[in-house]
Amino acid sequence: MSLDFDGMKSDVQAAPKNSVFVFHTIAHNPTGVDLSHDQWKEIAKVPFVFEILDIPCGYATGDLESDAWAVKYFAHEMKMELFVTQSYSKNFGLYGERIGALNVLVNDADTAVKVQSQLKGVIRPMYSSPQV
């Protein structure tokens, strides 16, 4: 299986303003093909508003540094604000449940306060009345 990287990049470039993209950092779904470091660098140059980097199944290769490369590049080298999601449902064998983490990286304290306020509004009903 392969990934049509040029097609994917073209779609990202042609997307409407304020689009949000979810990219699998590893174990790309549905192809299983991981982007190379050079391909990640190309994606990082495309001007879009917000990106969500998803690390499906925790970490896939057993090499944490390699699996986290895209996240570190976007955060440290490109200084991008982003969401990083991780799913652990499969790792824990809890396929009917949703177990994971959301990490939010912002560049200033004012934005952090605003994001935290919004996240509290989303999670409060989950904690007060958990799903059955």
Side-chain angles (χ1 to χ4, degrees):
M1 188 150 276
S2 64
L3 171 69
D4 176 7
F5 177 75
D6 292 332
M8 182 181 85
K9 183 179 169 187
S10 294
D11 288 343
V12 171
Q13 290 171 320
K17 185 178 179 180
N18 297 325
S19 294
V20 175
F21 293 93
V22 177
F23 295 109
H24 286 170
T25 59
I26 52 170
H28 182 270
N29 200 357
T31 66
V33 176
D34 295 337
L35 298 182
S36 70
H37 293 183
D38 288 338
Q39 289 171 323
W40 278 117
K41 289 177 182 179
E42 284 188 52
I43 290 295
K45 292 177 189 174
V46 177
F48 46 85
V49 173
F50 206 81
E51 49 285 328
I52 301 171
L53 300 179
D54 180 43
I55 304 171
C57 307
Y59 288 93
T61 68
D63 179 352
L64 296 178
E65 287 301 314
S66 176
D67 289 349
W69 190 90
V71 173
K72 289 181 175 185
Y73 181 77
F74 277 59
H76 298 294
E77 299 296 323
M78 299 301 292
K79 307 287 188 224
M80 291 180 160
E81 295 184 326
L82 51 98
F83 284 179
V84 178
T85 61
Q86 293 172 275
S87 171
Y88 299 107
S89 299
K90 291 178 185 175
N91 298 52
F92 295 158
L94 300 171
Y95 295 95
E97 304 295 328
R98 293 293 171 231
I99 307 214
L102 169 65
N103 301 281
V104 181
L105 178 66
V106 296
N107 292 329
D108 61 77
D110 185 50
T111 303
V113 169
K114 292 174 184 175
V115 169
Q116 186 177 34
S117 171
Q118 293 300 309
L119 291 175
K120 284 180 180 178
V122 170
I123 64 172
R124 183 176 303 274
M126 290 181 209
Y127 291 143
S128 299
S129 303
Q131 298 176 359
V132 178

Exercise answer: donor-acceptor pairs, residues 70-80 side-chain atoms, under 3.5 Å, sequence neighbours excluded:
| residue | atom | partner | partner atom | Å |
| --- | --- | --- | --- | --- |
| Lys72 | NZ | Glu65 | OE1 | 2.7 |
| Lys72 | NZ | Glu65 | OE2 | 3.1 |
| Lys79 | NZ | His76 | O | 2.8 |

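Sorted by first and then second residue, the salt bridge (Lys or Arg N to Asp or Glu O under 4.0 Å) pairs involving residues 102-116 (not counting sequence neighbours) are Asp110-Lys114.
Checked against side-chain hydrogen bond (donor to acceptor under 3.5 Å, both in side chains), Glu42 has the following partners two or more places apart in sequence or in another chain: Lys9. Among residues two or more places apart in sequence or in another chain, the side-chain hydrogen bond (donor to acceptor under 3.5 Å, both in side chains) test is passed with Asp54 by His24, Thr85. Listed by chain and number, the residues in a side-chain contact (heavy atoms from CB on, under 4.5 Å) with Ala15 are Ser19, Phe21 (sequence neighbours excluded). Every side-chain contact (heavy atoms from CB on, under 4.5 Å) that Asn107 has, sequence neighbours left out, goes to Glu81. Evaluation of the salt bridge (Lys or Arg N to Asp or Glu O under 4.0 Å) rule for Lys41 yields no partner, not counting sequence neighbours.
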Exercise for the section: Dump the intermediate steps for side-chain contact (heavy atoms from CB on, under 4.5 Å) on Val12 and Phe23, then the final yes or no. Expected result: CA-CA 11 Å; Val12 171; Phe23 295 109; 4.1 Å; yes
Handout entry: Audit row: Trp69, Ile26, side-chain contact (heavy atoms from CB on, under 4.5 Å) steps and yes/no
Key = CA-CA 10 Å; Trp69 190 90; Ile26 52 170; over 6 Å; no
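The closest side-chain heavy-atom distance from Ile55 to Asp67 is not below 4.5 Å. Residues Val20 and Phe83 have side chains not in contact (no heavy-atom distance under 4.5 Å, counting atoms from C-beta outward).
The nearest pair of heavy atoms linking Thr25 to Trp40 is CA-CZ2, 3.5 Å.
Taking CG from Asn103 and CD from Gln86, the interatomic distance works out to 5.5 Å, rounded to the nearest 0.5 Å.
Counting only distance, with no hydrogens or angles, the side chain of Ser117 and the backbone of Val113 share no donor-acceptor pair below 3.5 Å.
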